[in-house]
Amino acid sequence: MGAGTFEDACAAAAAHGDAVGQLNRFVASVSAARGEFAQFTVGPQGLTKPKQFGEFLFERPGRFSWHVLKPYEQQVVSDGATLFQYDPDLNQVMTRAVGQAIGTSPAAILFGSGDLTQAFNLQALPDQDGLSWLRALPKTSDAGFVHVDIGFAQDLPVRFILLDGFGQTTHIEMSKLQANPKLPANSFKFVAPSGVDVVKAQ
């Protein structure tokens, strides 16, 4: 086998088809997942915020837990009806309806259900770093972000790059992703700790 043929075979195995097709297969076949993540944000002047590490769970439609463990704890939990955003440092829980919170947000891509093309324009991007990439652009102007690029490998999303309206870019790397695990019934139940202020978003 020639070098070119071998490289082509490796690229095809890594990509496993175009990213839009991989996203559609992921949404159709993965109803729940768990895993770990690392994320960091780069500002428009190039200043980088501290890297965060945590774990996530999700179960369609609209139930998820995104739990930052280090360096400072933060947690976002949705039980399918209400979204809870808990910041221990502020001693505060912010709540809002899931429909408001997810809608056309990047969370809808992983945690929502239904036809993604109703909320996003999806564009295939060139393969890079052994991954197949797509760009999701929200169809509404109030989504809170400009676009999110998603890198896929073997029908699973493993990397996200999100550009928000303030010029900040958030990079998320997902690992140890388990598709369709059996999750405990209380996985998405959030109970505010005693003494914490609960604020309902308008």
Side-chain angles (χ1 to χ4, degrees), residues 10-42 49 51-69 74-78 80 83 98 101-139 143-164 168-183 187-188:
C10 288
H16 194 67
D18 70 284
V20 175
Q22 291 195 61
L23 173 62
N24 290 334
R25 288 192 292 274
F26 173 76
V27 171
S29 64
V30 178
S31 60
R34 69 190 314 157
E36 298 178 3
F37 67 87
Q39 67 180 42
F40 65 93
T41 299
V42 181
K49 295 182 180 180
K51 199 167 191 177
Q52 298 177 317
F53 301 88
E55 58 192 17
F56 70 91
L57 307 169
F58 81 80
E59 186 173 69
R60 302 185 198 280
R63 303 205 301 170
F64 65 89
S65 171
W66 188 266
H67 193 179
V68 176
L69 299 171
Q74 291 180 318
Q75 192 171 12
V76 181
V77 179
S78 166
L83 183 138
V98 165
I102 295 183
T104 56
S105 77
I109 297 172
L110 280 186
F111 313 132
S113 61
D115 185 1
L116 290 170
T117 59
Q118 292 181 358
F120 302 95
N121 290 313
L122 304 178
Q123 300 176 353
L125 298 176
D127 291 356
Q128 188 174 355
D129 300 328
L131 303 177
S132 293
W133 289 85
L134 64 80
R135 175 165 293 175
L137 300 99
K139 291 184 176 181
F145 69 102
V146 178
H147 60 70
V148 57
D149 296 346
I150 309 174
F152 280 83
Q154 299 178 350
D155 289 356
L156 296 175
V158 295
R159 198 174 298 168
F160 294 76
I161 303 174
L162 184 145
L163 175 65
D164 68 21
Q168 298 183 121
T169 304
T170 299
H171 299 251
I172 302 172
E173 191 91 24
M174 304 176 78
S175 60
K176 299 182 181 179
L177 196 150
Q178 302 173 34
N180 298 319
K182 186 171 180 58
L183 300 175
S187 295
F188 308 100

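- Summarising the geometry of L134 relative to A19, their closest heavy-atom pair is CD2-O, 3.5 Å, with the distance given to 0.1 Å.
- The shortest side-chain heavy-atom distance between R25 and F152 does not fall under the 4.5 Å cut-off.
- In this structure R135 satisfies the salt bridge (Lys or Arg N to Asp or Glu O under 4.0 Å) test together with D149, sequence neighbours excluded.
- Interatomic distance, CD of E55 versus CD of E36, reported as 7.0 Å (0.5 Å rounding).
- Within the 4.5 Å cutoff, the side chain of H147 has no heavy atoms near those of the Q123 side chain.
- The aromatic rings of F64 and F111 lie parallel to each other, their planes meeting at an angle below 30°, with 60° marking the opposite boundary.
- The shortest distance between side-chain heavy atoms of D155 and S29 does not fall below 4.5 Å.
- Nearest heavy-atom pair across A136 and F120 is CB-CD2, 4.1 Å.
- In this structure, L110 and F160 have side chains that are in contact, with non-hydrogen atoms separated by less than 4.5 Å.
- Of all heavy-atom pairs spanning A33 and P181, the tightest one is CA-CD, 3.7 Å.
- Within the 4.5 Å cutoff, no side-chain heavy atoms of I109 are placed close to those of F26.
- In this structure, Q118 and K139 approach most closely via the heavy-atom pair O-CD, 3.6 Å.
- Atoms OG and CZ, on S78 and F188 in that order, are 8.5 Å from each other to the nearest 0.5 Å.
- Relative orientation of the F56 and F37 rings is tilted, given thresholds of 30° and 60° on the angle between their planes.
- Atom-to-atom distance recorded for L131:CG and Q154:CD is 10.5 Å, nearest 0.5 angstrom.
- Expressed to the nearest 0.5 Å, how far NZ of K51 lies from CD of Q39 amounts to 10.5 Å.
- No side-chain heavy atom of L156 sits under 4.5 Å from any side-chain heavy atom of M174.
- Between L162 and I172 there is no side-chain heavy-atom pair separated by less than 4.5 Å.
- When each of T170, T169, D164 is paired with T41, the side-chain hydrogen bond (donor to acceptor under 3.5 Å, both in side chains) condition holds for T170 and for no other.
- A donor-acceptor distance shorter than 3.5 angstrom exists from the side chain of D18 to the backbone of V20, with no hydrogens or angles considered.
- When all heavy atoms of Q128 and W133 are compared, the closest pair comes out as O-NE1, 3.1 Å.
- Taking CG of N24 as the reference point, atom CG of L122 lies at 7.5 Å (rounded to 0.5 Å).
- With hydrogens and angles left out, the side-chain atoms of S31 and N180 include a donor and acceptor closer than 3.5 Å.
- At least one donor-acceptor pair under 3.5 Å links the side chain of R60 to the backbone N or O of V30.
- Closest heavy-atom contact between A153 and Q22: C-OE1, 3.7 Å.
- Note that the CZ atom of R34 and the CG atom of L183 stand 6.0 Å from one another [nearest 0.5 Å].
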